[in-house]
Protein chains: 4
Amino acid sequence: MEIESDLLLAINPNSGVPIYRQVCEQITRMVASGQLKAGEALPSVRQIATQFAVNPMTISKAYSLLEADGVLARVRGVGMKVAQRNDLEQNLEERLLFITPAIETLVTQVEQLNIPQDEVLKAIKLRLEKGK
Amino acid sequence: MEIESDLLLAINPNSGVPIYRQVCEQITRMVASGQLKAGEALPSVRQIATQFAVNPMTISKAYSLLEADGVLARVRGVGMKVAQRNDLEQNLEERLLFITPAIETLVTQVEQLNIPQDEVLKAIKLRLEKGK
Amino acid sequence: MEIESDLLLAINPNSGVPIYRQVCEQITRMVASGQLKAGEALPSVRQIATQFAVNPMTISKAYSLLEADGVLARVRGVGMKVAQRNDLEQNLEERLLFITPAIETLVTQVEQLNIPQDEVLKAIKLRLEKGK
Amino acid sequence: MEIESDLLLAINPNSGVPIYRQVCEQITRMVASGQLKAGEALPSVRQIATQFAVNPMTISKAYSLLEADGVLARVRGVGMKVAQRNDLEQNLEERLLFITPAIETLVTQVEQLNIPQDEVLKAIKLRLEKGK
DNA sequence: GTGGTCTAGACCACC
DNA sequence: GTGGTCTAGACCACA
């Protein structure tokens, strides 16, 4: 069972964002979008820590926070799994709430830079297409 | 001459973002957008510090960083002014570069949440109109 | 592991040159000359501060500036290390650039004092030999 | 008598060196090298201040220091002139003493950068020739 | 353990 | 008046 999932997270230690936070946010989003389903098992702390050359305590902290948030559940002697009864319905409205802060940040900057709306939308559209 | 400029910055000490960084970013944007013109004088360290009930060193740190960045220039014994030769031309392309990181963040989240593009664009458009 | 590195910097609090600047310049030169190699760890802020009876913030300021300059890199929760991709290659040409300002200063003074070139070169040669 | 001397000083407000110090040092060197002769009159404070767009008080301070140093003498109602009995003989040894600090700075940097002596001398020689 | 941020208050140099 | 430097000590976030 060690082949679990090698390509789950994208951790960047130099992004300014704390590592534990990156883990939390990414797993939360994956659960919200259904990429991780209720009951599904997660890689062990040691596994992730090794994979990204990160301190195990950092991953452990992330898992603990996710458990406190009700996103994950701890199964003694086994590991972590996605919580069963989950507030994170795949409902679109809910998911849109997640990106509100990012939109706020963006809009603030746009206004202070005096960038026309069309240009902003054009740039975002372009970037979204590229990701496809 | 006391009416100099009362309405310049919007500092929020509880935003998680360091105060000196808020100052840096906002002034940088104001220079980039042309709200602050080359050669224009800035409020003194003590002025801003008093206005926002912040320690002068905090503002001073921001000014120093902005000088190191080439955004501001120091005039000894007089104060700070917007740097003359400025990379931050007001042209649109340059300004769009400033919001690239914010767009990246947004797009990453959108993809991990599996939100359809139209919904994202709709939400942003809505938010932009509101700000008007 | 306490024998880490005791003999690194030469700080003189009365030289007129700000302490943080002395630290910056010396570390920059050590990196440029290869005395400090890419990835190598640096003494902690508190370690240096204690060693030279200086306020930790002063050293911290130096480290921050060196990070902004791309000379050092921060490893969160661990400390500072020499940046990996470093403009400060050890090639001779690059290092010669570092002493250009000092040469400029010298030459200006020499010209204003009307000192013959041979005399200048002789004096410098003498001083260089002495240092050996 | 207003045509005195338009091209005397080279003041750079952004060099980091205080303006009054630049004035002091340059005039001192000119006296030492004989470019300014004993009894010779100097431009008025206002003249220099206007020429370089500098605060008159700054020039005044420089003149005062030079007077205290015995380099200049104040003639009431007339202005400043180069002091008559002057320690600054044009003797070569004396003049060489003036550049000792600049040489020290240079040598320190050279040693910390591990630059070979020949390269240093070559670079200086090159720069000296260029100035010719 | 690491570095980062902020404060309050001192002193300095420059203009 | 301006900004710069430093201190002593507090608290926080990260690993």
Side-chain angles (χ1 to χ4, degrees), chain A residues 11 13 16-23 49 52-62 65, chain B residues 1 11 13-23 41-49 52-64 66-67 72-81, chain C residues 1-2 11 13-23 41-49 52-64 66-67 72-81, chain D residues 13 16-23 49 52-62 65:
Chain A
I11 294 180
V17 182
I19 296 170
Y20 81 92
R21 233 164 181 301
Q22 294 183 40
V23 175
F52 295 101
V54 164
N55 192 317
M57 277 185 57
T58 306
I59 308 301
S60 179
K61 180 176 179 180
L65 288 173
Chain B
M1 291 294 188
I11 294 179
N14 305 317
S15 78
V17 182
I19 296 172
Y20 80 91
R21 202 164 251 296
Q22 295 182 41
V23 175
L42 280 97
S44 80
V45 166
R46 290 151 168 97
Q47 211 171 325
I48 300 186
F52 294 101
V54 165
N55 189 303
M57 256 199 83
T58 305
I59 307 300
S60 180
K61 182 175 180 178
Y63 273 10
S64 295
L66 286 168
E67 191 199 4
L72 301 184
R74 212 183 347 168
V75 188
R76 274 213 296 266
V78 175
M80 307 291 294
K81 63 176 182 54
Chain C
M1 292 296 188
E2 302 221 353
I11 294 178
N14 305 318
S15 78
V17 182
I19 296 173
Y20 80 90
R21 202 164 251 295
Q22 295 182 41
V23 175
L42 279 98
S44 80
V45 166
R46 291 153 169 96
Q47 210 172 324
I48 300 185
F52 294 100
V54 166
N55 189 304
M57 256 198 84
T58 305
I59 307 299
S60 180
K61 181 176 180 180
Y63 273 9
S64 295
L66 286 168
E67 191 198 4
L72 301 185
R74 213 183 346 167
V75 188
R76 273 212 296 266
V78 175
M80 307 292 291
K81 63 177 181 56
Chain D
V17 183
I19 295 171
Y20 80 92
R21 234 166 181 299
Q22 294 182 41
V23 175
F52 295 101
V54 163
N55 191 317
M57 276 186 58
T58 306
I59 308 300
S60 180
K61 179 177 178 179
L65 288 174

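Below, read A as the first sequence line, B as the second, and so on, with proteins coming before strands; counting in each chain starts at 1.
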If you compare every side-chain N and O of B/Ser60 against the phosphate oxygens of F/dG3 (OP1, OP2), does one of them come in below 4.0 Å?
no
Taking side chain to side chain contact (heavy atoms under 4.5 Å, CB included) as the test, write out the residues that go with D/Pro56, two or more places apart.
D/Val45, D/Ala49
If the condition is side chain to side chain contact (heavy atoms under 4.5 Å, CB included), which residues does B/Val17 pass it with, not counting sequence neighbours?
B/Ser15, B/Arg21, B/Gln22
Could you go through C/Leu72 and C/Lys81, starting from their C-alpha distance and side-chain angles, then the distance that decides it, and tell me whether this counts as side-chain contact (heavy atoms from CB on, under 4.5 Å)?
CA-CA 6 Å; C/Leu72 301 185; C/Lys81 63 177 181 56; over 6 Å; no
When the distance from CD of B/Glu67 to P of F/dT2 is rounded to whole Å, what number comes out?
17 Å
Starting from P on E/dT5, measure out to CD1 on B/Ile59 and report it in whole angstrom.
14 Å
Residue whose nearest DNA chain F nucleotide is more 5′ - C/Pro56 or B/Val45
B/Val45
C/Val23 and side-chain contact (heavy atoms from CB on, under 4.5 Å): which partner among C/Ile11, C/Ile48, C/Thr58, C/Val54?
C/Ile11
Residues at least two apart in sequence or cross-chain that pass salt bridge (Lys or Arg N to Asp or Glu O under 4.0 Å) with B/Arg46, listed by chain then number, are none
What residues form a salt bridge (Lys or Arg N to Asp or Glu O under 4.0 Å) with B/Arg74, not counting sequence neighbours?
B/Glu67
Starting from P on F/dT2, measure out to CG on B/Leu72 and report it in whole angstrom.
16 Å
Taking pairs as Watson-Crick (N1-N3 plus N6-O4 or O6-N4) or G-U wobble (N1-O2 and O6-N3), each distance under 3.5 Å, the stems of three or more consecutive pairs with DNA chain E are E:1-14 with F:1-14
Taking only N/O atoms, report every protein-nucleotides 10-15 of chain E pair under 3.5 Å with atom names and distance.
residue : atom : partner : partner atom : Å
E/dC14  : OP2  : D/Tyr20 : OH           : 2.8
E/dC14  : O3'  : B/Arg76 : NE           : 3.1
E/dC15  : OP1  : B/Arg76 : NE           : 3.2
E/dC15  : OP1  : B/Arg76 : NH2          : 3.4

Output for pair (B/Lys61 NZ, B/Met57 CE), nearest 0.5 Å, gives 7.5 Å
I would like to know whether D/Tyr20 and D/Ile59 meet side-chain contact (heavy atoms from CB on, under 4.5 Å); could you show each step before the answer?
CA-CA 6 Å; D/Tyr20 80 92; D/Ile59 308 300; over 6 Å; no
Rounded off to whole Å, could you give me the CZ-to-C1' distance for the B/Arg74 and F/dT5 pair?
12 Å
Hey, does the side chain of B/Ser64 come within less than 4.0 Å of F/dG3's phosphate (OP1/OP2), counting only N and O?
no
CD1 of B/Ile11 versus P of E/dC6: gap in Å, rounded?
10 Å
